[in-house]
Amino acid sequence: MTQANWWKESVVYQIYPRSFHDSNGDGIGDLQGIIQKLDYLKKLGIDVIWLSPVYDSPNDDNGYDIRDYHEIMDEFGTMEDFDELLEESHKRNIKIVMDLVVNHTSDEHEWFIESRSSKDSPKRDYYIWRKGKANGQPPTNWEAAFSGSAWKYDEATDEYYLHMFSQKQPDLNWENPAVRADVYQMMRWWLDKGIDGFRMDVINLISKDLSMPEREPDPGKEFVSAFEFHANGPRIHEFLQEMNKEVLAHYDIMTVGETPGVSVEQAKLYTGEDRNELNMVFQFEHMGIGDGPDGKWSNLPWKLTELKQILSKWQYGLENTGWNSLYWNNHDQPRVVSRFGNDKEYREKSAKMLATLLHGMKGTPYIYQGEEIGMTNIQFPSIDDYRDIELINWYNERLSQGHNKEDLMEAIYARGRDNARTPMQWNNEKHAGFTTGEPWLSVNPNYQDINVEKALDDANSIFYYYQKLISLRKQEKIFTHGNYQLLLEDDEAIFAYTRTYQQEKLVVVCNFTDQAQTCELPNLTGDIELFITNEPTDDLHILHHFTLNPYEAFIYRLA
């Protein structure tokens, strides 16, 4: 693996620590639990662990509300446990990337406690404070991501503070050089400890438009999303270039920015190699398929041509400038086999198909825990079974507006964040082997059929299919360097594309339906070598005309 761009050749595995593995029986996953499963991850073949936040936090938003950047959350263990995780991972040639959350802190962070103590506090300008309007309303009509106003009134100083997420997550004021200096110092502290990079939470929101723009809300709405005004704000590139110069450039690390609402052209600015900002970004366009008037909760039907258009746009757009991160799901998204595949009779087949499509593309693939065994969405019978602040707030708000309870639950079943957060399914014992105690969030009842132990005992399991895909990426340069070309652009059943590098060409073909599909690729001729297929037999197709079985997928090399 070349030193300068090792992240281009890597496969990343995201761990949501609370749900991964519990070592002490308190029902909450922890660092020692991760250490116990490192050999499993080594067997899978991944190169990097992205660790969702493990910092000290009151847990209003499952660790994305940080109280102390230099301490580990009690539930997860100690700094000694973290150091052991780092050491044990590095022994296995697995790198550790931390979640960097610096758009906001917890309202229990010492900076904010001092900031709200007085208008004269030296830390007052660490956050964004404003007076209310003359009529007593908040400073603007911005809506927070988790519903309601993005402003919280603070009685002690008679002002409002901005929170683009929970009211316990006040936004930092990046206009203040002292804030930036303190953040950079904290980043250096972690990098000097030996971590291998950062996944940067909502990093494109750190530069706010402080002219306080407003517009009339859409009909029937009280607020306008704060994201509309602050995503990719006026000084964002200046801040990231400063961060790169002060911190990132001094270490051999990987950086990926979470950038909701980013366009291809903006992503080129974030990831262009001559720009000195980030290595890659997470974009969310393909996650927005099926969104409607009520955002993701509308959960409208979608077409394969939409997915092709979006993924291809990003493949073409960043081909020579920048780099793609490739993912199907994470801690904020539903399970991919439930969302884009068939989690019933074709669960294994469609999970392998979706993996084939993604891992064949140009970019760095990300696997979310449980994806490699085909874990599915959950349908809890009651809202009381859920834990996610976003879906609970949305449900209660809509219920109070008179919406139908069953319709709300259907939306949650399809798109709620707790779909991704049910505990990892290790075996068919109680609570799926995740904990000996009571899990913080109930295990999906299908764990007796879907679990790691069963997957490892089955040579044809989804796990071994992922293992083979990861191995192929390491063996064949074309997966890292080959250019992408979409085929069958208007086909609503088959997603096909080629990758070309020097004299070599791959063809990737995926059937997205539960029906057999005939397919013609008349321009692809010559001898073919099968790299991988999710079919039980290795019979080679004649590429100019063939039939695909339901959810069939394959990758061929053309001679």
Side-chain angles (χ1 to χ4, degrees), residues 5 7-14 45-48 254 256 262 264 267-268 271 279-287 289 304-330 333 336-337 339-341 350-368 371-372 465-466 468-489 491 494-501 504-512 521 524 531-534 551-558:
N5 61 359
W7 40 271
K8 288 187 176 181
E9 301 169 32
S10 296
V11 175
V12 183
Y13 187 94
Q14 183 191 356
I46 57 103
D47 307 283
V48 181
M254 167 188 143
V256 53
V262 74
V264 172
K268 288 179 184 178
T271 67
N279 297 146
M280 56 189 129
V281 296
F282 286 129
Q283 56 85 15
F284 293 90
E285 274 198 73
H286 63 308
M287 292 293 103
I289 286 178
L304 184 61
T305 45
E306 295 176 73
L307 185 64
K308 289 185 195 184
Q309 186 270 327
I310 291 168
L311 293 180
S312 300
K313 176 175 73 172
W314 283 90
Q315 287 286 299
Y316 295 137
L318 297 186
E319 189 163 85
N320 301 311
T321 311
W323 191 251
N324 272 295
S325 50
L326 309 170
Y327 74 97
W328 279 129
N329 34 204
N330 58 36
Q333 304 295 339
V336 60
V337 73
R339 174 120 192 247
F340 292 120
S350 65
K352 292 175 183 177
M353 180 276 289
L354 291 161
T356 309
L357 184 84
L358 191 86
H359 286 251
M361 289 186 171
K362 187 172 186 176
T364 297
Y366 290 73
I367 299 167
Y368 179 68
E371 179 186 334
E372 77 279 10
Y465 197 85
Y466 269 82
K468 188 171 181 181
L469 283 168
I470 293 168
S471 177
L472 277 171
R473 287 190 75 90
K474 289 181 172 37
Q475 294 162 21
E476 306 289 343
K477 281 185 162 44
I478 191 167
F479 284 100
T480 304
H481 302 291
N483 286 339
Y484 168 97
Q485 180 66 50
L486 179 66
L487 307 173
L488 308 176
E489 185 178 347
D491 196 303
I494 297 168
F495 198 141
Y497 60 88
T498 58
R499 299 286 307 281
T500 308
Y501 179 61
E504 198 180 351
K505 183 170 283 203
L506 296 182
V507 58
V508 181
V509 179
C510 298
N511 180 1
F512 263 75
L521 300 171
L524 298 179
F531 266 180
I532 193 167
T533 178
N534 63 355
Y551 294 105
E552 181 177 350
F554 60 75
I555 302 178
Y556 288 168
R557 173 158 45 198
L558 303 186

Partner set under side-chain hydrogen bond (donor to acceptor under 3.5 Å, both in side chains) for Asn534, not counting sequence neighbours: none

Rounded distance (nearest 0.5 Å) linking atom OG of Ser325 with atom CZ of Phe282: 5.0 Å

Gap separating the CZ atom of Phe512 from the CG atom of Leu304, nearest 0.5 angstrom: 5.5 Å

Closest contact, heavy atoms only, Ala553 versus Thr533: O-OG1, 3.0 Å

Residues which pass ring-ring contact (aromatic ring centres under 6.0 Å, His included) with Tyr551, listed by chain and number, not counting sequence neighbours: Tyr346

Inter-residue atom distance Ile310.CD1 - Gln283.CD, 0.5 Å rounding: 7.5 Å

Separation of Leu506 CG from Tyr501 OH (nearest 0.5 Å): 12.5 Å

Given Tyr465, Tyr13, Tyr466, the one that forms side-chain hydrogen bond (donor to acceptor under 3.5 Å, both in side chains) with Glu372: Tyr13

Non-hydrogen atoms of Asp47 and Glu9 that approach each other most closely: OD2-O, 4.1 Å

Contact check, side chains of Gln315 and Leu326, non-hydrogen atoms, under 4.5 Å: yes

Aromatic ring pairing Tyr556/Phe554, orientation class (parallel under 30°, perpendicular over 60°, tilted between): parallel

Pairing residues for Trp328 by the ring-ring contact (aromatic ring centres under 6.0 Å, His included) criterion, not counting sequence neighbours: Phe340

Derivation of the side-chain contact (heavy atoms from CB on, under 4.5 Å) call for Lys308 and Asp491: CA-CA 10 Å; Lys308 289 185 195 184; Asp491 196 303; 3.5 Å; yes

Atom of Leu307, atom of His286 and distance for their closest heavy-atom approach: CD1-CB, 3.9 Å

Results of side-chain contact (heavy atoms from CB on, under 4.5 Å) for Thr500 - residues two or more places apart only: Thr498, Lys505

Non-neighbouring partners of Tyr327 that pass side-chain hydrogen bond (donor to acceptor under 3.5 Å, both in side chains), sequence neighbours left out: none

Straight-line distance of Met287 CE to Asn329 CG, nearest 0.5 Å: 7.0 Å

side-chain contact (heavy atoms from CB on, under 4.5 Å) involving Thr305 - partner list, sequence neighbours excluded: Lys303, Glu492

Counterpart residues, side-chain hydrogen bond (donor to acceptor under 3.5 Å, both in side chains), relative to Asn511 (two or more places apart): Thr513

Anything under 3.5 Å between a donor and an acceptor, one on a side chain of residues 359-368, the other on a protein residue two or more places apart or in another chain? List them.
residue, atom, partner, partner atom, Å
Thr364, OG1, Trp7, O, 2.7
Thr364, OG1, Trp323, NE1, 2.8
Tyr368, OH, Ala420, O, 2.8

Minimum heavy-atom distance between Ile494 and Val509, given as atom pair plus value: CG2-CG1, 3.9 Å

Sequence-distant partners of Thr271, side-chain contact (heavy atoms from CB on, under 4.5 Å), two or more places apart: Val281, Leu318

For Gly45 against Ile470, the heavy-atom pair lying closest together: O-CG2, 3.3 Å

Within residues 476-486 or reaching into it, pairs that qualify as salt bridge (Lys or Arg N to Asp or Glu O under 4.0 Å) - sequence neighbours excluded: Glu476-Arg557

Between side-chain atoms of residues 479-489 and protein atoms elsewhere (two or more places apart, or another chain), which donor-acceptor pairs fall under 3.5 Å?
residue, atom, partner, partner atom, Å
Tyr484, OH, Ser312, OG, 2.7
Gln485, NE2, Tyr316, OH, 3.3

Set of residues satisfying side-chain hydrogen bond (donor to acceptor under 3.5 Å, both in side chains) with respect to Glu552, sequence neighbours excluded: His541

Closest heavy-atom pair and its distance - Lys352, Thr356: O-OG1, 2.7 Å

